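Atom set for the values below is all heavy atoms of this structure, side chains included, hydrogens, waters and symmetry mates excluded. Chain identifiers are assigned alphabetically (A, B, ...) following the order of the sequence lines, protein sequences preceding nucleic acid strands; residue numbering begins at 1 within each chain. None of the values given here were measured: they were computed from a predicted structure.
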Protein chains: 2
Amino acid sequence: MTKKISKSVPQPTIRRLPSYLQVLNELKNKGGSYVSSSFIAGQLQLEAIQVRKDLSATGVTGQAGVGFDVAELIKHIEEFLGWDNTHDAFLIGCGNLGAALIGYEGFKDSGLNIIAGFDVDKSKIGKMFAGKLVFDLEKLGNLVSRMHINIAVLAVPPRQAQDAACYAVSCGIKAFWNFTPVQLEVPEGIIVERVGLESSLAVLSSRLKEQLKAEKVKR
Amino acid sequence: MTKKISKSVPQPTIRRLPSYLQVLNELKNKGGSYVSSSFIAGQLQLEAIQVRKDLSATGVTGQAGVGFDVAELIKHIEEFLGWDNTHDAFLIGCGNLGAALIGYEGFKDSGLNIIAGFDVDKSKIGKMFAGKLVFDLEKLGNLVSRMHINIAVLAVPPRQAQDAACYAVSCGIKAFWNFTPVQLEVPEGIIVERVGLESSLAVLSSRLKEQLKAEKVKR
DNA sequence: TAGATTGTTAATCGATTAACAATC
DNA sequence: TAGATTGTTAATCGATTAACAATC
C-alpha cells in the first residue's frame, strides 16, 4: 500500500505562492528578517489566515508570536515550487511573442531559463534573439536529447500549435508552457500548462463593462 | 429598494467563456449551426453540465433536445463579455514584451485594439512598432482625453510600474491590463487585471516536479 | 413516439474564513 | 507576564457535479 504523503496542495494556493515570494524578496532586500502572515496579506490585499493556510500547505512552520523567518521561507517556497534549481527550456516559435519571451529576464527568478529558440522560418534561423540562437526546428530532437531539456515554451501561430506539439513530444519534450490559444492534445504523462491571456482579458472586459454601466446609471 | 438584477457570474465561469468562443468559432467556420453542451465539453475536456451551467449564467438558453444555435451563442457570449464592440487601448512600455503585445493580432478577437504605444525612451519615440506609433509618455494625458481611451496595457519594467500607473490614472485611464509583476495601488473605481505569468509557471513547475519524482520512484 | 438535450433543484465537494487554544 | 502570532479544528461559503423532469 502506498502512503499518500500529502493531500495535494490546492491550485489556488500554488498560484498565490509566487506573489508571496515577491513580497518576501522585496522584504529581504530591505533587510527584514521576520514576517507575519498579516504583513504578507496586507501587501497583497489578502487575509492573514489565507496566507497562513497556504504556507502551512507547503509544509513550513513559523514561530508563534514571532512569525516566519524570511530567508528560510523564501528558500522553502522556492524548493516547493522547484524554483530552486533552474530548468532549462527551449522556445518554439520566434515571432513577436517568442521574441519577447526569449528576452524576458524575469523568468530566471522563477527557475526558467530559455536557452535557445527554434523556428521553421529560414530567415530567422541562425540569428540571435536577446543573445540566444535560433535553430531550425528540425534540430529540436537532436538538441533535446543532447542537452536533456524537458520544457518547451510554445509560441507558434495557432494553426501550427498542435503539429509543433506532437513533433516536440516525439523529440522528447515532457512539458509545454503553452502561449497559444490552442487546447493541445498530448499523450498521457505529458504536461501542458496554458497561459490564458484571453481569460484574463475576459475578466478585465466584464469588469470594465460593469463599471461603465454603473457610471452611466449614476449620471 | 434596488433590484439586484443577477447574482454576479462566478469568475471561473468568465474565465472559461473565451474557450467556448474559440470552439464555437471553429465550429462556425466548418459550417456547424447547432452545438450541444456535451460537444463543447468534449473539445475542452470539461463536463457538459458545467458548460450548461456557465452558459445559463450568462443568460442564454438553448433548445431542449437540439442544443444551442452556434451563431447566436457566439453573439451572446461576445456581448456578455463586451467583446462585441472593440475597445481601443494604449500600450505603456514598448520594450520586449510591449513590442510583442502591440504586434499581437489575436487581441482583436477579444475586442481589444492597441492603437498606439508610449515610452519614456527617446530612442523609441516616433518609431513604428507593428504599424503603430510610439509617443512620448508625456503626451499620454493629451491623447487619452482626445481619443477617449479607457484601457492601458501596462508593460513597463517593474520598478516603474507603480509610477506609470499613477501617472496614467491622472491622465484619465480607467482600467489596466497589468503585465508587470507589481501589485498596483490604484484609487477606488480603477480596474486592474494582472496577468500572472508566474502563477501559471508555478503550476507548471510544481506539476513537473511531481511528475519527475513519480518517474524516479517507478524506476 | 423515441431519443436527445436542456435547465432546474438538490447533493457534494473543496476552498475560504472564523474561532481559539497553544506558544513564543 | 502581556502581547503577538501561529496552526488546528470547525463553520461557512461558493463552485462543481448529480439527478431528473420538461421539452423539442
Side-chain angles (χ1 to χ4, degrees), chain A residues 4 6-20 23-24 27 32-74 76-77 80 196 199 202-203 206, chain B residues 4 6-20 23-24 27 32-74 76-77 80 196 199 202-203 206:
Chain A
K4 193 150 198 207
S6 60
K7 278 231 177 59
S8 71
V9 176
Q11 214 188 80
T13 293
I14 294 176
R15 290 189 172 275
R16 279 188 295 268
L17 292 177
S19 64
Y20 298 166
V23 171
L24 292 167
L27 200 61
S33 54
Y34 277 84
V35 240
S36 65
S37 56
S38 60
F39 178 85
I40 299 176
Q43 296 289 304
L44 300 165
Q45 295 175 266
L46 302 172
E47 296 296 323
I49 175 64
Q50 186 168 55
V51 174
R52 261 179 290 147
K53 257 279 156 79
D54 286 345
L55 294 181
S56 102
T58 73
V60 246
T61 57
Q63 251 181 297
V66 179
F68 297 83
D69 181 294
V70 174
E72 194 190 304
L73 193 48
I74 291 173
H76 179 88
I77 297 177
F80 177 84
S199 288
V203 174
S206 59
Chain B
K4 193 150 198 205
S6 60
K7 277 230 177 62
S8 71
V9 176
Q11 214 188 80
T13 293
I14 293 177
R15 291 189 172 275
R16 280 188 294 267
L17 292 175
S19 63
Y20 298 166
V23 171
L24 292 166
L27 199 62
S33 54
Y34 277 85
V35 242
S36 65
S37 56
S38 60
F39 178 85
I40 298 176
Q43 296 289 304
L44 299 165
Q45 296 174 265
L46 301 173
E47 296 296 324
I49 176 64
Q50 186 169 54
V51 174
R52 261 178 292 146
K53 258 278 156 82
D54 285 346
L55 294 181
S56 102
T58 73
V60 247
T61 56
Q63 253 181 297
V66 180
F68 297 82
D69 181 293
V70 175
E72 195 191 305
L73 193 48
I74 291 173
H76 179 89
I77 297 177
F80 177 84
S199 288
V203 175
S206 59

- Task: Could you list the residues that satisfy salt bridge (charged side-chain N to carboxylate O under 4.0 Å, His left out) with A:R52, not counting sequence neighbours?
- Result: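 So A:R52 forms no salt bridge (charged side-chain N to carboxylate O under 4.0 Å, His left out) with any residue.
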Rounded to the nearest angstrom, tell me the gap between atom [atom1] in [X] and atom [atom2] in [N].
{"X": "B:Q50", "N": "C:dC13", "atom1": "CD", "atom2": "P", "value": "16 Å"}
{"X": "B:Q45", "N": "D:dT17", "atom1": "CD", "atom2": "P", "value": "13 Å"}
{"X": "B:L55", "N": "D:dT16", "atom1": "CG", "atom2": "P", "value": "13 Å"}
{"X": "A:I14", "N": "C:dA15", "atom1": "CD1", "atom2": "C1'", "value": "14 Å"}
{"X": "B:F68", "N": "C:dA4", "atom1": "CZ", "atom2": "C1'", "value": "13 Å"}
{"X": "A:D54", "N": "D:dT8", "atom1": "CG", "atom2": "P", "value": "14 Å"}

Could you pull out the closest heavy-atom pair between B:A48 and B:A41, with the gap in Å?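 Distance-wise, the nearest heavy atoms are N-CB, 3.5 Å.
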| query | If you take all heavy atoms of B:L24 and B:V70, which pair is closest and at what distance? | reply |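 Residues B:L24 and B:V70, closest heavy atoms: O-CG1, 3.7 Å.
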Donor-acceptor list for residues 57-68 of chain B side chains, cut-off 3.5 Å, not counting sequence neighbours:
| residue | atom | partner | partner atom | Å |
| --- | --- | --- | --- | --- |
| B:T58 | OG1 | B:L55 | O | 2.8 |
| B:T58 | OG1 | B:H76 | NE2 | 3.1 |

Subject >> Point-to-point distance, once rounded to the nearest 0.5 Å, from CG of B:D69 to CD1 of B:I74 >> reply: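 If we round to the nearest 0.5 Å, B:D69:CG and B:I74:CD1 are 9.0 Å apart.
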Who passes side chain to side chain contact (heavy atoms under 4.5 Å, CB included) against [X], sequence neighbours left out?
{"X": "A:S36", "value": "A:S38, A:F39"}
{"X": "A:Q11", "value": "A:R15, B:V203"}
{"X": "B:L44", "value": "A:Q183, B:S19, B:Y20, B:V23, B:I40, B:L46"}

query: So what does A:S56 touch, heavy atoms closer than 4.0 Å: a base, only the sugar-phosphate, or nothing?
result: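 Touches nothing.
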- Does B:T13 reach the main-chain N or O of B:V9 with its side chain, forming a donor-acceptor pair under 3.5 Å?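 Answer holds: no.
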Does some side-chain heavy atom of A:I14 sit less than 4.5 Å from a side-chain heavy atom of A:D54?
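When only atoms from C-beta onward are counted, A:I14 and A:D54 do not touch, as no gap falls below 4.5 Å.
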Near-strand residues of residues 37-44 of chain B, defined as heavy-atom separation under 4.0 angstrom from DNA chain D: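 Of all residues in residues 37-44 of chain B, none places a heavy atom under 4.0 Å from DNA chain D.
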Read 5' to 3' with Watson-Crick or G-U pairs under 3.5 Å, [ ] for crossing pairs and | for partners on another strand, DNA chain D gives ..||||||||||||||||||||||
With sugar-phosphate taken as primed atoms, P, OP1 and OP2 and all else as base, the protein-contact string of nucleotides 18-24 of chain D at under 4.0 Å (heavy atoms; B, S, -) is BB---BB
Query - A:S199: side chain to side chain donor-acceptor pair (under 3.5 Å) partners, not counting sequence neighbours - result: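 Residues passing side chain to side chain donor-acceptor pair (under 3.5 Å) with A:S199: none at all.
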